[in-house]
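Heads up: the structure comes next, in structure tokens.
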Amino acid sequence: MVKVDCLVTTLMVVISFVHVRASPTGSVPEGITTHHTVLDTEANYVLFWTPRDHDIIFEVHVATTGYVGLGFSPGGGMKDADIVLGWVKDDTGEVVLHDRYSPGYGIPVIDKSQDVELLGGYQNDSHTVLSFKRPWNTCDHEDFKIANDTVRVIWSYSYKDPEGEMDMMIHYKRGTKSMYLNEPPFLMPELPDDVKTLDILINNVSLPNTINTVYWCKIYKMPPLEKKAHIIGFVPLVQKENIEHVHHIVFYECHLPEPEVMEPWLEVDGAQCYTKNMPPSWKYCRVPLLAWAVGSEGEMYPEHVGFPIGENHGGSTYFLMEMHYDNANLRQDVVDNSGLRIFYTEKVRKYDAANVAVGHNLSPQMIIPPGQTWLTVGHCVSECTEMLPPEGINVFHGLLHSHLLGRSLRLRHIRNGQELPTILEDMSYDFDFQQNRVLKKELNILPGDSLIMECVYDSTKIKTPTYGGFSTEEEMCLAFLAFYPRIEFAMCGSQLPIKSIYESVGFEEIYSWDDMKPPKKTKGKEQKTLSFPTIPPNTKF
């Protein structure tokens, strides 16, 4: 069946290849695109698209009268990229469109199998517009198979048409953007009058130029509310000059027996997280409420759910914001005032929502050996989900998360010994694109279900082990799920029984870097010892 489908698709496209003469004014089909995004910073390249069952329709609007390129790349560059190249001839209005392949960094070659179909195009005094479609999977080994995973879309344009099919000037501008093509991009909706905004910002944090990773924490308080309110979404407020440094932001709820003890800390600009200087009361801020990571444009929640605010309404009054900063180049004089813009309303929604992290516990016991492809697995076992209400919980948003070595991530769902459809999967994970995924259909997790989080890492280019931890150079293997109804279910994970593993191969005592002591001497017997880095006790993520 697959072979037949591939043959039919190829025949269809070859018949419609390659040059199409447009009318003098030109045209493209109207009303066929449903999603759009701006690919460049100047808004000169706008991409429209519509995902369908068997193919995907594209339309590009580019501020040029030269050639236009749109491609799909395994790594974000030209090498091995699948590229569609097109232009409108100035003298005749003829639209030219090629399905091409880029084996290197020169002019992309024309594919023997043309797997794109031109739908229309035109050019005016300032813009070139092209519309075309292609199958998700063309069955051509020179084409990129587009799927539900992260797709690295590459784009380019020139101010001149080619002199010939293989005679063209180098592009004037190019770029790369990671996207989910089978899902709508984040678009800020028009908010009703009952929605209020609150900007939560860090105050003049100076990054040291002696370390490459800093976690900075600060306490906040929601404004006084006369009645229950719901947080319904947020967008990042990251200073443009510090985009390369702000890696992620997590907003935690603080739950203490006497919440008012947090009041004095509102006047403090913050402290470095998870150190001796962090006030002990801040360790009660453990429940994740909002999470932003590099590449995300924000989140808006479905109309029937919201996160409650206020101790008297099932939420929290005090919050901790954790900022993860990267300063890989040890730059000096970096000062930041980034944060989040939170949207909330007193017109409460039907359900209170919460978040749960699933996967491998954040621990140095998660070890990735160098020089290979490595699978790490974290389990949320059935004994943990027995605490769920009889009707279970309903997941509506999800985010897969690892760091620089992550290549493919998958969250599996098991019920009564049978595997159900995969909850979340990204076989082309991009650390620089961590947009929350909106589930097309809400997922029901029942008591007794188990979840398996799998992360495949590529450590072939490094020569030392990588441990689990907070910094970008360390690793994580997690899925963050937003769900309702709200219950106390913030973390469900596992880790290796590392001590027993080491003991099974002959190590008799194990020490951490933070608590080293001389090994005991055993008369007449050589003793093996092992030390490994640990994180401070009672930490969170």
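How far CG of Leu481 is from CZ of Phe489: 8.5 Å, rounded to the nearest 0.5 Å. Here His397 contributes atom NE2 and Phe480 contributes atom CZ; the two are 15.5 Å apart, rounded to the nearest 0.5 Å.
Aromatic ring centres of His230 and Tyr351 lie farther apart than the 6.0 Å criterion allows. Taking the six-membered ring for Trp, Phe307 and Tyr344 have ring centres at least 6.0 Å apart. If you look at Phe431 and His247, their ring centroids are closer than 6.0 Å. Aromatic ring centres of Tyr484 and His304 lie closer together than 6.0 Å.
Taking a 6.0 Å sphere around OH of Tyr220, one finds it holds more than 12 heavy atoms contributed by other residues, nucleotides or ligands. Within a 6.0 Å radius of CD in Gln372, more than 12 heavy atoms belonging to other residues, nucleotides or ligands are found. Surrounding CD of Glu241 are more than 12 heavy atoms belonging to other residues, nucleotides or ligands, all under 6.0 Å away. The environment of NE2 in His36 is sparse: at most 12 heavy-atom neighbours from other residues, nucleotides or ligands sit within 6.0 Å.
If you check the side chains of Glu488 and His255, you find no donor sitting under 3.5 Å from an acceptor. Asp426 and Thr150 share a side-chain donor-acceptor pair at under 3.5 Å. For the residue pair His360 / Gln365, no side-chain donor-acceptor distance below 3.5 Å is found, with atom types taken as modelled.
For the ring pair (Phe, Tyr, Trp, His ring centres under 6.0 Å) with Trp282, the qualifying choice from Tyr318, Tyr252, Trp265 is Trp265, the only one to do so. Results of the side chain to side chain contact (heavy atoms under 4.5 Å, CB included) test with Leu320 over Met278, Lys283, Lys218 single out Met278 as the only residue that passes.
Using cut-offs of 30° and 60° for the angle between ring planes, the His403 and His324 rings count as tilted.
A salt bridge links Arg486 with Glu253: the closest approach of a Lys/Arg side-chain nitrogen to an acidic carboxylate oxygen falls below 4.0 angstrom.
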